[in-house]
Structures are given as structure tokens and as C-alpha cells.
Asks: 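Could you have a look at this structure, given as C-alpha cells, before my questions?
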There are 2 protein chains.
Amino acid sequence: MSKKITITEIAEKSGVSVSTVSRVLNNSPSVSPAKRERIQRIIDEYNYTPSIFARGMINHKTKNIGVMLPDITNPYFASFFLQVEHFALSNMYATILFNTMFTKNPRKYETPLSETDYFKIILEKQVDGVLILGGQIDKEEVSPSFVEALNELHRNVPVVIVGSRIEGCDCLFIERNSKQGITSLVHHFKALGHKDIGFVGGEPGIRITSARIDAFRQSMRAFGNEPLERHIVMSDYYAPDGYQAMKQLLEQNPGQLPTAVIAINDMVALGAIRAMKDAGLSCPEDIAIASCDQFLQSDYSIPRLTSVDQHNEYLGRMAVLQLISAINGSMESVSVDHMPQLIIRESCGSTARL
Amino acid sequence: MSKKITITEIAEKSGVSVSTVSRVLNNSPSVSPAKRERIQRIIDEYNYTPSIFARGMINHKTKNIGVMLPDITNPYFASFFLQVEHFALSNMYATILFNTMFTKNPRKYETPLSETDYFKIILEKQVDGVLILGGQIDKEEVSPSFVEALNELHRNVPVVIVGSRIEGCDCLFIERNSKQGITSLVHHFKALGHKDIGFVGGEPGIRITSARIDAFRQSMRAFGNEPLERHIVMSDYYAPDGYQAMKQLLEQNPGQLPTAVIAINDMVALGAIRAMKDAGLSCPEDIAIASCDQFLQSDYSIPRLTSVDQHNEYLGRMAVLQLISAINGSMESVSVDHMPQLIIRESCGSTARL
DNA sequence: CTGTTAGCGCCTTCAA
DNA sequence: TTGAAGGCGCTAACAG
């Protein structure tokens, strides 16, 4: 590895002092155009880039942000992350990604590390800010010690959490309305004449799950229907979970199945439809299905999935922007007001097309 | 943000010199046990971690690696990356991820940045090593200027490329046998009695595509069949591409369709099956389908996808390991010898089960 | 507009 | 076994 050239050498080669070179490096106005150009030429010629270490010693910034999420192979997190990375880079921040694997996942990985271990590692990396997505923060019962760890982290570096506000946590939050999507799904099914609607997927004890199921119950009641508890089967967020949940729903409701079911996301919907098929039922004829969170490729499954676009990508952008402004001193939480969009395809059995 | 405590303060608080503190920090043996313990206690108490900047100025290491890939939302890259990140971290390296978006992708993103721009950014980040996956390096014709950029990067920091060796490129490569999988697929279809086999997906001019199509032709010939060119339709790597490719295949071969088709990966297979369905054909009855690269969830589609597990996750592990050993001085390319595994499910029309 | 200089926090000789 | 001192590459006063 060729050793890096330093500012001193550039200064010597261009016959000026290091400060002058430093000035052109930092676009200081007070450099004569002639010198500036000459120096820049040398810089380019030698392909010189200043040492982040030396710079960091002074301004204590790495221009790196840390992103902590459970599992990048989950399309939900992936599409979110893509936006984050993209927008961070266009603001000159690079993104260090940590997969905490702190949710169940189909690969059954375990990490020996706790989330607070990750906090420590992140801190050591001296990132300028941290974005947290999923994991413990999504639990309904967040342990006080975890909140304290979060606060400690935030004391060192701005932390933006994507999810609902946690009692006693000083971090910044970026929240959004998660009911809207469910409500339009229920309305849609009602409009199609369904009375008994079920719900599958989502891990119990996780906020997003409860929020959605609550919204589900609530909007059912708004139609004068009390949803049947036995038509609600929670499990988790992946295809195998949708499969298992639907299987259970079918088995525990012989002869009295719902005519429509809402799945917590597209992977779960996929699994659920597969379970129906394996039980000799077909979708949407026997049970119509729609999901709350659209992923890519849902337009290519059989049947094509009716789903809700929660605009997660937009949320990703908002999150980085929030983090960057926090790094630069702004300290307010934001709530993103977005309008989830119902995407009607085949699995809901509607013939309507947008 | 609370400012960090320094080694000097630790030294003062424990009544020793900075050098002694430094010694305990770096596990130097020459510190009296008593002092060592006392100092360690203070370190823990104040939750002190040494500044990476100051350290970096001396050893020039960040303990960060850079990973460059086209699109993390592509499950192929995601599962690969997950392994990389995981293994890197267990070796104390954090991973900075760059999505170059340098392939077509369903989101139609564009970056204003070229891949060589990314090289520059990565270099500025002073990572200890770089892993490159996909993008230009996969092209059949790599421009000399790109190779030179790669070499220049490699002159500064170890670069590991996942893919086939590029003429004139000094980087480290991690290669694998990509024929094996195709061959077993062809054998499998032959064993099921298929004669006319088609191929869909993959971008023309990309090495992995050509390699697979070559392997396809070759193993067809081994059975005395010359594959029909009009039964081979390239496009790209995502579901919409599979859809479009199959649609074209169907349209351009009226009355003389293949009875089986190999798709370049599971997303393409999904799209292809969907196209068949939309054309009133069903899989595997009318055309059997199998794919070369298995992703998660393929076990839940309708029909379940017969596919090949290329053990990409293993490859990911090998790649980081290779990079880390390169960072530590080892400079040999490795070729991973793995045995792709055929996973027989429904889409190939076989009744056999493993 | 430009140069000089004092650190930033740490590690590493070199002496003691 | 310990401490003192130099220097890593850069920026930010401070002088000129």
C-alpha cells in the first residue's frame, strides 16, 4: 500500500505554507486565485486527500452515520435503508450498517451481542449520528435499562429512532400514522361486502403489531362489527409466519372461516395464501387477502397482492434528513404525515382497478 | 453532546502518566498489577474509550471496511451483505455500505456518481479494505480506464472483487464455479423427459449471464441437443424482467414452445410464471420452470420454485475473510469451491421430493 | 492575502 | 516498571 501524501508535502511542492493549502482545501475565500489554482493542480496531480484522522482530531467529526436495524434481508428494512444511504451520501455522510439480528428471522441467526453492546461499538466508531430502526425500541415494554442506554447514547451523539415515542427516552423520534392503512383496507373489504374479516401476522408485544390490530378492531367496530378473536392470529413478519398463522386460523375455525383476511405485510400474505392453497382453498375465491405493507414484486405473485404502500422510502428520506439536521444542532422530533396508498390488485377479489 | 474524556484525564485521575495508561489500554505486560487494576477501574468508571482519530494518526487504521454493491434491496446482495457485515463485526470491523445503483433496477434510480467517483469517496473514508460486488466488474468488456481506477484503488487499500478475474486487474478475486448449478438443472429436466429447454433472464453483456448461458448450451449439447436460440431470452435480473422475457418467449414461438425453462434467478422465475399465467398457461403443466439462484420465500410462491442454492451466504463469509487476511498482509486470490445444491419443489413438475 | 505556531489525543522511543 | 517528550496531519488563531 503506497503511503499517503500529506498536506506538508503539497505545501512544499507548491511553494506555499500549509495554511494556504489548508485554505484551498476548505474553500476559504482568502487565497489569491493564481495560488489557489496552482495548489489545486498539485493536489489533483498527487491525488491527495486530507487525513480524516487529523481532521477528526480537530472537529471531532467522521462524516459517518450509524444505522442499526435488525435484518437487512427483510425487504422492509432494505428499501428503507437504501434511501437512507442514498440521502446520507448526497449530504456527504457515509453509512455504517449494523444488523442486530434482534428479531426472530427465518435464518435463525443469533448474535452474541445485545443491543446495548451495539451501542458501545457504535460509539467507539465515533459516528456523527445514529439511526435506529426496529428491535427493542419496537417492544411494547421497553426495559428501563434499555431506555437509559438509549439516553446515554444520545448524550454522546444525536440518535433518531424510527417508531413511536418511548416514555422517558430523550432521543429524537420520527413517527407516523400507522392506522390509516388498516382503515382503508377494512373500508375496502367492507365495500366489497365482506363481514367477517380476519387478521394474520405480526409479533405479539411489538408496537407496530398492536397498533395495527387495534386500528383493525377499531375500524371494524366503526362498522358495528366486533372482530372475532379467533380470527386474529399473530405470529411474526416473514412468509413462514404467515403460513403458520393462516394454517392455525383455518384449523381453529372449521366451518366458520372469515371471508377476508388482512396480513401484516406482503411476505406474511404470501405465506398465508400458500397455506390456503395447501389446505385446498384458493385466494381470493375462498378467502380474500390484502396486506398492510407493500414490498417489491407483489405485483408478480399469484394472485397479485392487494396491498398498502406505506411510503417507507419517503420515511427513510425523512429520517436521514432529521438526523443530519440534528447533527447540525436542531433538536426537534418530527412526525411524518403521509397518506398510505391502497393498491388494489387481485388477492382481495375486487375487480376494481386503479 | 458531552465531550469525551481523554487519556490525559484518566492519567491524572489515577495519578500516573499517560504512558502507563496507554500501556494498560494496549495490554502491555510491563505494568504492575496493582496499578493496572486501579487504572482499569477509572477507565471503566468514566466509560472511557480512546479516540479513533488520535489512534488513527498513528496506525492509520479505521477498522472499517467498505462494501460497494449495486442495490441492497436485491435479495441476492442483501443475503450476501448480511454475512459480510456479521463476519466483519466479529473481527472488529464495521462495514460501510455503498449502493452504487449501477445496474438497472426496478426503482429506476440514477446516481449522478460514477463508480470511480465512489472509489474516491471510499478512499477518503480511509477504510481498511474494500469489497466490490456487481456493477462494472461484471461486464464482459471492462474499460481499461476502469481497470486502472481499480488498480489505483488497490494500490491504496486491499480490494477484493467477488466475481471472475479481470484481465490486467491487480485486485484480489474470489471466484466460484457458476456452471455447476446450471448443469444440474439441465440434467434434472432431462431426467424428467424434457427435450426443448429454454432460458430466460440475465442482462446481456454481463459475465454471470454469459457464463450461465454458455453452461446451458454446453450441457444441452452434451445431450445431443442444440438449444434453440429463440428459446433463449435475456433481459435482466428482476421480476419485471422475467415477466417481459417470458412474454416475449411465448409470443415469438407460437405453437413451438419449450416444455421447460430455466430462469436466471428466483425473481425472474416469479415474473416468468406470472407471464405464463397471464397468457393462460400454467406452470409446471404447460411449461416447467426452475431457477439458478434461490432466494428466500421461494418455498411460499405458487407454485413453489425449484431452484439451486448457490450458497451465496457462504461466499459472503469467504469474501470478508479474504479481505481481512488481505488487510493483514496476505495477498492471494482464492477460489471458492462449493457444490450448488438443487432444491426440487413444484415449479419443475417433478414429483420427486428430497 | 499569507505564514507561523500551538495544540487535538495517542503511541512510541528513550531514559531513568 | 515508569515517565518525559516527540510527532502523526491538520486546523485555527494570531501575526504580519
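Everything numeric here is computed off the predicted structure, so don't read it as measured data. Here is the naming used below: chain letters follow the sequence lines, and residue numbers restart at 1 for every chain.
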Asks: Does B/Thr20 reach a base, just sugar-phosphate, or nothing at all? Heavy atoms under 4.0 Å.
Replies: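 Sugar-phosphate contact only - B/Thr20 comes under 4.0 Å of backbone atoms but never of a base.
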Asks: Could you work out, with ring pair (Phe, Tyr, Trp, His ring centres under 6.0 Å) as the rule, every residue matching A/Phe80, not counting sequence neighbours?
Replies: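 Ring pair (Phe, Tyr, Trp, His ring centres under 6.0 Å) check on A/Phe80 returns nothing, list empty.
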Asks: In whole angstrom, give the distance that lies between atom CZ of A/Phe53 and atom P of C/dG7.
Replies: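 It works out to 24 Å between those atoms.
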Asks: Between the axis at one end of the helix from C/dC1-D/dG16 to C/dA16-D/dT1 and the axis at the other (five pairs apiece), what's the angle to 10 degrees?
Replies: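 The end-segment axes of the helix from C/dC1-D/dG16 to C/dA16-D/dT1 are tilted 40° relative to each other.
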Asks: Tell me every residue that passes salt bridge (charged side-chain N to carboxylate O under 4.0 Å, His left out) with B/Arg41, counting only those two or more places apart in sequence or in another chain.
Replies: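 Partners of B/Arg41 by the salt bridge (charged side-chain N to carboxylate O under 4.0 Å, His left out) criterion, ordered by chain and then number, come out as B/Glu37.
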Asks: When the ring centroid of B/Phe119 is compared with that of B/Phe146, is the distance short of 6.0 Å?
Replies: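 Yes, ring centres under 6.0 Å apart.
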Asks: Any side-chain N or O of B/Ser32 less than 4.0 Å from the OP1 or OP2 oxygen of D/dT2?
Replies: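 Checking B/Ser32 against D/dT2: at least one side-chain N or O falls below 4.0 Å of OP1 or OP2.
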Asks: Identify whether the distance between the nearest side-chain nitrogen and carboxylate oxygen of A/Glu148 and A/Arg155 falls below 4.0 Å.
Replies: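 Yes, this pair counts.
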Asks: Is the distance from OP1 or OP2 of C/dC11 to the nearest side-chain N or O of B/Asn26 less than 4.0 Å?
Replies: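 The answer is yes; a side-chain N or O of B/Asn26 sits under 4.0 Å from OP1 or OP2.
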Asks: Listed by chain and number, what are the ring pair (Phe, Tyr, Trp, His ring centres under 6.0 Å) partners of A/Tyr76, not counting sequence neighbours?
Replies: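 With neighbours one apart ignored, the set is empty.
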Asks: Is the distance from OP1 or OP2 of C/dT2 to the nearest side-chain N or O of A/Lys35 less than 4.0 Å?
Replies: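 Answer is yes, contact under 4.0 Å.
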Asks: Please list, pair by pair, any protein nitrogen or oxygen found under 3.5 Å from a nitrogen or oxygen in nucleotides 4-8 of chain D.
Replies:
residue: D/dA4; atom: N7; partner: B/Ser19; partner atom: OG; Å: 3.3
residue: D/dA4; atom: N6; partner: B/Ser19; partner atom: OG; Å: 3.1

Asks: Nearest to the A/Ile7 side chain among C/dT2, D/dG9, D/dT1, which nucleotide is it?
Replies: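 For the A/Ile7 side chain, the nearest candidate turns out to be D/dG9.
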Asks: Would the number of heavy atoms belonging to other residues, nucleotides or ligands and lying under 6.0 Å from NZ of B/Lys120 be above 12?
Replies: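 No, because the 6.0 Å sphere around NZ of B/Lys120 holds 12 heavy atoms or fewer from other groups.
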Asks: Distance check, rounded to the nearest 0.5 Å: B/Asn151 atom CG versus B/Asp170 atom CG?
Replies: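 Output value for this atom pair is 4.0 Å.
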Asks: Distance check needed: C/dG9 P versus B/Ile43 CD1, whole Å only.
Replies: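 Atom-to-atom, B/Ile43 to C/dG9, this comes out as 16 Å.
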Asks: Rounding to a whole Å, what distance do you find between A/Asn59:CG and D/dA12:C1'?
Replies: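 Taking CG of A/Asn59 and C1' of D/dA12, I get 12 Å after rounding.
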Asks: Write out all pairs satisfying salt bridge (charged side-chain N to carboxylate O under 4.0 Å, His left out) with one or both partners inside residues 22-36 of chain A, taking only residues at least two apart or from two chains.
Replies: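 Listed once each, the pairs would be none.
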Asks: Is A/Lys4 close to A/Thr49 at the side-chain level, that is, under 4.5 Å between some pair of heavy atoms?
Replies: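 With C-beta onward as the side chain, the pair touches.
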Asks: Between B/Glu12 (CD) and D/dT2 (P), how many Å, whole number?
Replies: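 That distance rounds to 18 Å.
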Asks: Could you give the CD1-to-C1' distance, from A/Ile52 to C/dG9, as a whole number of Å?
Replies: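 So the two atoms are 15 Å apart, to the nearest Å.
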Asks: Distance check needed: D/dG9 P versus B/Glu124 CD, whole Å only.
Replies: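 The distance from CD of B/Glu124 to P of D/dG9 comes to 17 Å, rounded to the nearest Å.
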Asks: Starting at the 5' end of DNA chain C and moving along, which residue's nearest nucleotide shows up first, A/Gly15 or B/Leu25?
Replies: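 Per heavy-atom nearest nucleotide, the more 5' residue is A/Gly15.
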